[in-house]
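Below is one structure, written out as structure tokens, with a few remarks after it.
Keep in mind the model is a prediction, meaning the values are calculated, not measured. In listed order, ligands and their atoms are each counted from 1. Sequential numbering from 1 along the given sequence is applied to the chain's residues.
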Amino acid sequence: MYYETDKNDHGLPFNPFKAIVSPRPIGWISTLSKDGIANLAPYSFFNAVGDTPPMVMFSSTGYKDSVANIDETGEFVCNMAGWDLKDQMNTSSASVPRDTSEFELAGLTMAPGRLVKAPRVAHALTALECKHLNTVRMTSLEGEETESYVVFGQVVAVHIDDNIVSNGRVDVTKIKPLARLGYKDYAVIESVFEMGRPAT
Ligand SMILES: Cc1cc2nc3c(=O)[nH]c(=O)nc-3n(C[C@H](O)[C@H](O)[C@H](O)COP(=O)(O)O)c2cc1C
């Protein structure tokens with residue numbers, strides 16, 4: 001099969017793009033509005049973009065509350081959702097008014113940030129406190145503004161549940177991180193393998 005995206009003539013019932021770019025980690029983004037209302041939502045257009053210093057990004061299709069809060073307050077937290085929090089993560093993706101906190105909706109406890117005012121998900125096994133670098137509204141090849149707003153942040157503090165550290169390493173199999181695939185599909189990482197790079 002071959003198709004060109006300006007025609008999207010793949011002939012499939014659903015666009016396969018997100019199934020191809022998978023698995024995608026899920027950044028479970030918590031923020032505070034300027035009025036102090038906590039917000040939480042999952043974003044799978046999410047990744048690290050550098051490690052010196054550590055930096056992350058997520059992309060919002062439309063100018064959603066998470067982006068608005070970050071543009072206003074300059075802070076956010078990326079909580080990482082593992083298998084045990086999958087239902088709460090999903091519940092927090094509901095479209096609710098900006099003055100409704102998804103923490104409450106999903107029955108999640110907030111824990112305070114140390115270097116940012118935004119709260120984190122208390123039971124998330126890892127969380128990255130971030131300061132906003134910039135938000136880029138992407139422009140297409142045709143020079144048109146798209147609805148993709150990409151938020152970049154620098155990680156200033158890291159929370160790790162001590163129970164997932166074994167032999168000095170974060171044991172990902174204890175996190176069982178969720179990853180987003182295409183359609184309504186998810187994956188969960190339960191096993192890992194090691195492979196060194198070729199010696200130079
Ligand atoms: C697993 C998962 C991943 C998602 N990824 C994205 C994403 O990358 N970009 C996006 O705009 N919406 C994404 N959504 C939908 C948002 O979570 C949803 O629109 C949410 O209401 C946005 O909340 P906010 O307005 O409080 O930021 C995702 C939903 C789920 C369940």
Among all protein heavy atoms, pick the one closest to atom 17 (O) of ligand 1 and tell me residue, atom and distance.
Pro42 O, 2.8 Å
Protein heavy atom at shortest distance from atom 3 (C) of ligand 1:
Ser44 N, 3.7 Å
Given salt bridge (charged side-chain N to carboxylate O under 4.0 Å, His left out), test Lys64 with Glu102 step by step and report yes or no.
CA-CA 14 Å; Lys64 295 185 179 175; Glu102 293 86 356; over 6 Å; no
Starting from atom 12 (N) of ligand 1, find the nearest protein heavy-atom neighbour and note its residue, name and distance.
Lys64 NZ, 2.9 Å
Tell me the contacting part of Ser59 for ligand 1: side chain, backbone, both, or neither, using a 4.0 Å heavy-atom threshold, strictly below.
backbone
What part of Glu102 sits under 4.0 Å from ligand 1 if we count only heavy atoms: the side chain, the backbone, both or neither?
side chain
List every atom of ligand 1 that sits less than 4.0 Å from any heavy atom of Ser60, numbering the atoms from 1 in the order shown and giving each element.
11 (O)
Test of understanding: given a 4.0 Å heavy-atom threshold, classify the contact between Asn39 and ligand 1 as side chain, backbone, both, or neither.
side chain
Between Asn79 and Trp28 (side chain of the first, backbone of the second, donor and acceptor by atom type, cut-off under 3.5 Å), is there such a pair?
yes
Is there a side-chain contact between Phe45 and Lys18, using heavy atoms and a 4.5 Å cut-off?
yes
Do His10 and Asn15 touch side chain to side chain, with heavy atoms closer than 4.5 Å?
yes
Any idea which of Ser93, Pro97, Ala179 brings a heavy atom closest to atom 21 (O) of ligand 1?
Ser93
Mind checking whether Gly62 has a heavy atom under 4.0 Å from ligand 1?
no
Pick one of side chain, backbone, both or neither for how Phe46 approaches ligand 1, counting any non-hydrogen atom pair under 4.0 Å.
neither
Val77 vs Pro119 side-chain heavy atoms within contact, under 4.5 Å
no
